[in-house]
**Q** 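One structure coming up, written as structure tokens, with questions to follow.
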Number of protein chains: 2
Amino acid sequence: MTRDLPLTSRSLPIALLRAREKVMGPIRLMLADVDITEQQWRVLRVLQEEGPQDPTRIADRACLLLPSLTRILQKLEEKGLIARRPDPEDRRKQVVRITKAGEKIIHDNLSASIRAAERIRAHLGPERYEMLLDLLNELNEMDS
Amino acid sequence: MTRDLPLTSRSLPIALLRAREKVMGPIRLMLADVDITEQQWRVLRVLQEEGPQDPTRIADRACLLLPSLTRILQKLEEKGLIARRPDPEDRRKQVVRITKAGEKIIHDNLSASIRAAERIRAHLGPERYEMLLDLLNELNEMDS
DNA sequence: AATAAATACTTCACATGTTAACAAAAGGAG
DNA sequence: CTCCTTTTGTTAACATGTGAAGTATTTATT
């Protein structure tokens, strides 16, 4: 009983890819105006929401791998949007925090970001939107 | 009534990112054994499912941008997994097809790929799995 | 305390994502 | 037919994704 592979519209990986592009496209355009990438935006948001923290935790929260994060933190530091200091408790670690300039970037783009999310929510309807998030989170809690 | 941004678990972009990683992680591992990337695999699958076609259509089906596809086709051609010939109707175009070696790659990894998909489906349950695909497709049909 | 194992990044190498610029060919308007 | 526009694919430049190797530091073992 060998089944065929699903068509692309019924292929979960591709459907996820397209959905992500649909959701992030408008946000990327908005961020391009302030010369910030989508990943840099995620890092700033994590720092602004959860406060100063070390790179490993940032990587977990922002869904980035450490090698990528290393480069991103370098760029953000050059731009003056974050600051770093060594962790006195553990000299392997650093403590990263967002600067005033970084908070301004967030503040200036927050409302547009929220509107983009609301637009998606309105398109699907609140119940289906929540259901989508529930299903994705359930998928993400799979062990493996 | 200004709302806060959602936590990462309720952030659609991040939930999509994590879901994609969860789904593709095992497949990436499998493909690494035959020295093929996830994107190269998508291109081969499109060609095997839909037959010979031009790069613009491949890019659409495999959810890749043309500049990425250009490089991927070069790699696949070097590996002997695809072949190209100019389109006699329109000299701007090419016709790309999968080779025997390319079909063998697909054949050798098809069953493991299907098993990975079935595993996800079993975890969510068939109804919820289909619902997830429906919601993603509905999202992808948003205009803009 | 000496050594092995684990942790927290960093660096490297290669592949892709993304935007912009570009060359070649096809289509359309006059 | 000529000029302009569109389409198709490539190249370039920079940023990130990803796995592997490397460095410094801490923790666990003996």
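Note on naming: letters A, B, ... go to the chains in the order of the sequence lines (proteins, then strands), and numbering restarts at 1 for each one.
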**Q** Looking at residues 70-81 of chain A, who's got a heavy atom less than 4.0 Å off DNA chain D?
**A** A/R71, A/I72, A/K75
**Q** Nearest whole Å is fine: how far is D/dT18 P from B/I27 CD1?
**A** 13 Å
**Q** Does A/K22 use its side chain to pair, donor to acceptor, with the backbone of A/L17 at less than 3.5 Å?
**A** no
**Q** How long is the line joining CG of B/D33 and C1' of D/dG19, in whole Å?
**A** 13 Å
**Q** Specify the residue among A/E21 and A/L69 whose closest nucleotide of DNA chain C lies further upstream toward the 5′ end.
**A** A/L69
**Q** Mind calculating the distance between CG (B/D35) and P (D/dT18) to the nearest angstrom?
**A** 17 Å
**Q** What is the distance, to the nearest angstrom, from the CD atom on A/Q40 to the C1' atom on C/dT18?
**A** 13 Å
**Q** Starting at atom CD of B/Q53, determine the distance to atom P of D/dG9, rounded to an integer number of angstrom.
**A** 11 Å
**Q** Taking only residues two or more places apart in sequence or in another chain, which ones pass side chain to side chain contact (heavy atoms under 4.5 Å, CB included) with B/R97?
**A** B/P52, B/A83, B/T99
**Q** Measure from CZ on B/R18 to C1' on D/dG17 and round the result to the nearest Å.
**A** 17 Å
**Q** Apply salt bridge (Lys or Arg N to Asp or Glu O under 4.0 Å) to B/R71 and list each qualifying residue two or more places apart in sequence or on a separate chain.
**A** none
**Q** Would you please name every residue forming a side-chain hydrogen bond (donor to acceptor under 3.5 Å, both in side chains) with A/E103, sequence neighbours left out?
**A** none
**Q** Can you tell me which residue pairs pass the salt bridge (charged side-chain N to carboxylate O under 4.0 Å, His left out) test with a partner in residues 122-131 of chain A, sequence neighbours excluded?
**A** A/R121-A/E130, A/R128-B/E138, A/E130-B/R10
**Q** Return yes if some donor-acceptor pair links the side-chain N/O of A/T70 with the main-chain N/O of A/L66 below 3.5 Å, else return no.
**A** yes
**Q** Rounded to the nearest Å, what distance is computed from the CD1 atom of residue A/I36 to the P atom of nucleotide C/dT18?
**A** 17 Å
**Q** Does B/D60 have any side-chain hydrogen bond (donor to acceptor under 3.5 Å, both in side chains) partners at least two apart in sequence or in another chain, and if so, which?
**A** none
**Q** Once side-chain hydrogen bond (donor to acceptor under 3.5 Å, both in side chains) is applied, do any residues pair with A/E77, and if so which ones, sequence neighbours excluded?
**A** A/R84
**Q** Looking only at side-chain N and O atoms, does A/Q39 come under 4.0 Å of OP1 or OP2 in D/dG17?
**A** yes
**Q** Starting from the 5' end of DNA chain D, give me the residue, A/S68 or B/L66, whose nearest nucleotide shows up first.
**A** B/L66
**Q** So what does A/L64 hit on the nucleic acid, given a heavy-atom distance under 4.0 Å: a base, only sugar-phosphate, or nothing?
**A** sugar-phosphate
**Q** Sequence neighbours left out, what passes salt bridge (Lys or Arg N to Asp or Glu O under 4.0 Å) with B/R115? Give chain and number order.
**A** none
**Q** Could you tell me whether A/R84 contacts a base, only the sugar-phosphate backbone, or nothing, with contacts defined as non-hydrogen atoms closer than 4.0 Å?
**A** sugar-phosphate
**Q** Write down the distance between CG (B/L17) and P (D/dG17), rounded to a whole number of angstrom.
**A** 8 Å
**Q** Give each protein N/O atom lying under 3.5 Å from an N/O atom of nucleotides 19-28 of chain C, with the pair distance.
**A**
| from | atom 1 | to | atom 2 | distance (Å) |
| --- | --- | --- | --- | --- |
| C/dA26 | OP1 | B/R91 | N | 3.1 |

